[in-house]
Amino acid sequence: MDPRSQHQNREVAWGRLAEQLDGRAARRDHDELNTIRQDAHAEFRTWTWCGWRDEVKTPTGVKASMRKVLAGRLGLVI
């Protein structure tokens with residue numbers, strides 16, 4: 001372990017703090033986006049998952065791949 005000066009230690013600490021804050025901001029943004037998506041779709045649709053197939057069906061009978069639904073690509077269904 002090579003000794004560092006107080007200035008180098010401070011730079012490392014600020015860098016770690018910035019990484020932590022960026023990570024928290026990214027998680028918060030991701031959670032907000034997921035909440036918005038969930039609220040937008042839960043208001044108008046209820047989903048039924050067919051356990052033996054990889055698809056979901058809306059009450060109106062429109063079907064979509066579970067992979068697309070989980071990825072948020074619902075343009076074909078809506």
Side-chain angles (χ1 to χ4, degrees):
M1 179 179 229
D2 68 306
R4 294 185 291 205
S5 70
Q6 181 180 2
H7 298 291
Q8 290 171 329
N9 287 338
R10 184 175 290 141
E11 287 178 21
V12 169
W14 279 110
R16 289 180 183 168
L17 178 62
E19 288 175 9
Q20 289 287 326
L21 292 175
D22 289 343
R24 286 183 185 180
R27 281 191 303 275
R28 185 182 63 241
D29 293 343
H30 179 73
D31 291 343
E32 286 176 10
L33 180 60
N34 283 340
T35 301
I36 291 169
R37 284 181 181 166
Q38 185 179 14
D39 291 345
H41 297 294
E43 186 175 326
F44 301 107
R45 306 242 190 260
T46 57
W47 299 94
T48 304
W49 180 54
C50 302
W52 56 277
R53 302 183 255 196
D54 183 24
E55 70 179 25
V56 293
K57 185 169 46 172
T58 66
T60 59
V62 178
K63 296 179 184 178
S65 167
M66 178 60 89
R67 182 179 41 186
K68 289 181 182 179
V69 170
L70 293 176
R73 296 188 302 259
L74 299 173
L76 298 173
V77 178
I78 297 177

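What you see below is based on every heavy atom in this structure, not just the backbone, and it leaves out hydrogens, waters and symmetry mates.
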Practice item. Find out whether Q8 and V12 are in side-chain contact, i.e. whether some heavy atom of one side chain is under 4.5 Å from a heavy atom of the other. Key: no

Practice item. Please identify each residue that fulfils side-chain hydrogen bond (donor to acceptor under 3.5 Å, both in side chains) with H30, with sequence neighbours left out. Key: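 Partners of H30 under the side-chain hydrogen bond (donor to acceptor under 3.5 Å, both in side chains) test: N34.
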
Review point. Do other residues, nucleotides or ligands put more than 12 heavy atoms under 6.0 Å from the CD atom of Q6?
Key: no

Exercise for review: Could you identify which residues cluster with W14, counting Ile, Leu, Val, Met, Phe, Trp and Tyr as linked when any side-chain heavy atoms lie under 4.5 Å apart, either directly or through a chain of such contacts?
Suggested key: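 Hydrophobic cluster check, W14: joined to L17, L21.
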
